[in-house]
Number of protein chains: 2
Amino acid sequence: MSESPVKKAVERCRGLGLRRTRALEELLATLIEAKRPMTLSELASSARLADQCDKATVYRLLQRLTGHGVLRRLGLHERAAYFTLLQPGKHSDYLICTGCGKIESITAPCPVHDLEEEIRETTGYKGLYHELEFFGTCPKCA
Amino acid sequence: MSESPVKKAVERCRGLGLRRTRALEELLATLIEAKRPMTLSELASSARLADQCDKATVYRLLQRLTGHGVLRRLGLHERAAYFTLLQPGKHSDYLICTGCGKIESITAPCPVHDLEEEIRETTGYKGLYHELEFFGTCPKCA
DNA sequence: GTAATTGCAAATACTTTGCCACGTA
DNA sequence: TACGTGGCAAAGTATTTGCAATTAC
């Protein structure tokens, strides 16, 4: 172990011109400790941040860090929920443009089947399925 | 081609005890024609549904159909946006319980690399990355 | 006829912004 | 000191629900 991941992340932010604030350090530490994606609400009410700062501050930090590429916002383009029809025997993965939000189905055979089988066997999860999305900037938006 | 996919989907709903309403047919047709996931707003304002029924109707149809397994709602458990830290050289896929919403990182090597490369070459998308999530019911919730 | 479905309008939930005070560099 | 950040409160956007009227079966 060279350096703590938290320090490393803070330094990275410093290098991007961000100021070293209490909220920044606590937010990065929280995300790193959690080892999983978190929502604004979860972060704002987490032990390290709850009494530390306002929800709006966490919100703006998330925006800022996402804009600088330190964080990534998961999920499809819009803020709204997406629904898709389940057709027996059919499965689709998607390619989404992060610029214009265009979504297209991918026809290529899905390469995840074996891993899904492995997860089914090792974790005991029932009714397993997956979602796979590719994101990038489409030629038009580039 | 045996039967139109729309008719097939409507019949499937009938078999589940749902009534054959105009809104149901138009919603299924819209989703099938679009060949991609759609949001409540998109659906409610789509050509086939806009003058046909209220947004609340579309909303409740989506709930009902999702409950019966005819549709699937994409994305993570909560309605809120999820953020994750990007650590250079690290990539994570996730396993999510659809019951309790628990999210865990998957350590297994990601099997999507080759397909991502292929997409990069064939589509001309820039800055390509992907998200892969497995969903199921965890042992505790089962 | 009866229960599922719908429309309208009101209530929530979560996100986003304005404005001024504050703290880091 | 100067400008990025933060707090508080209000506004915005999407979702969700109550209830009476309607419609499929």
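Worth saying up front: this structure is predicted, and the values here are computed from it rather than measured. Every chain is numbered from 1, with letters handed out A, B, ... down the list of sequences.
Note: Leu28(A) CG to Arg48(A) CZ = 10.5 Å, rounded to the nearest 0.5 Å.
When the nucleotides dT15(D), dA25(C), dG7(C) are ranked by their closest atom to the side chain of Arg60(B), dG7(C) comes out on top. Checking dT15(C), dT17(D), dT6(C) against every side-chain atom of Ser41(A), the shortest atom distance belongs to dT15(C). Out of dT15(D), dT6(C), dT5(D), the shortest distance to the side chain of Ala23(B) is found at dT6(C). You'll find that the side chain of Arg19(B) is closest to dC25(D), out of dG7(C), dT16(C), dC25(D). Nearest to the side chain of Thr21(A), among dG7(C), dT5(C), dG6(D), sits dG6(D). Between dC8(D), dA2(D), dT17(C), one nucleotide has an atom nearer to the side chain of Tyr59(A) than all others, and that is dT17(C).
Spacing between atom CG of Leu16(A) and atom P of dT5(D) amounts to 11 Å, rounded to whole angstrom units. Distance Gln52(A) CD to dG7(D) P: 8 Å, rounded to the nearest Å. Between the CG atom of Leu18(B) and the P atom of dT23(D) there is a distance of 19 Å, given to the nearest Å. Put simply, CZ on Arg14(B) is 13 Å from C1' on dT23(D), counting in whole angstrom units. Per the geometry, CG belonging to Asp54(B) stands 14 Å off C1' belonging to dA21(D), to the nearest Å. Look at CG on Leu43(A): it is 11 Å from P on dT15(C), rounded to the nearest Å. Atoms CZ (Arg73(A)) and C1' (dC14(C)) sit 11 Å apart, rounded to a whole Å. The CD-C1' distance, from Glu25(B) to dA24(D), rounds to 12 Å in whole Å.
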Original post:
Between Thr30(B) and Glu33(B), does a side-chain contact (heavy atoms from CB on, under 4.5 Å) hold up when you go through it step by step?
Top reply: CA-CA 5 Å; Thr30(B) 304; Glu33(B) 283 169 12; 5.7 Å; no

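You won't find any donor-acceptor pair under 3.5 Å spanning the side chain of Arg20(B) and the base of dC25(D), going by distance alone. Counting distance only, with no hydrogens placed and no angle test, the side-chain atoms of Arg22(A) and the base atoms of dG23(C) include no donor-acceptor pair under 3.5 Å.
The side chain to side chain donor-acceptor pair (under 3.5 Å) pairs that include a residue from residues 130-140 of chain A are His91(A)-His130(A), Glu116(A)-His130(A), where partners are two or more places apart or lie in different chains.
Inter-residue side-chain proximity for Ile103(B) and Leu95(B) is flagged as unmet; no heavy-atom pair is nearer than 4.5 Å.
Leu40(B) comes within 4.0 angstrom of sugar-phosphate atoms only, judged by non-hydrogen atoms across all strands, and of no base. Nucleic acid contact for Leu24(B): none, since no nucleic acid atom lies under 4.0 Å from a heavy atom of the residue.
When the nearest nucleotides of DNA chain D are assigned to Thr57(A) and Gln63(B) by heavy-atom distance, the more 5′-ward of the two goes with Thr57(A).
For the pair Arg72(B) and Phe135(B), the cation does not sit on the ring face, since its NZ or CZ is not both under 6.0 Å from the ring centre and inside 45° of the axis.
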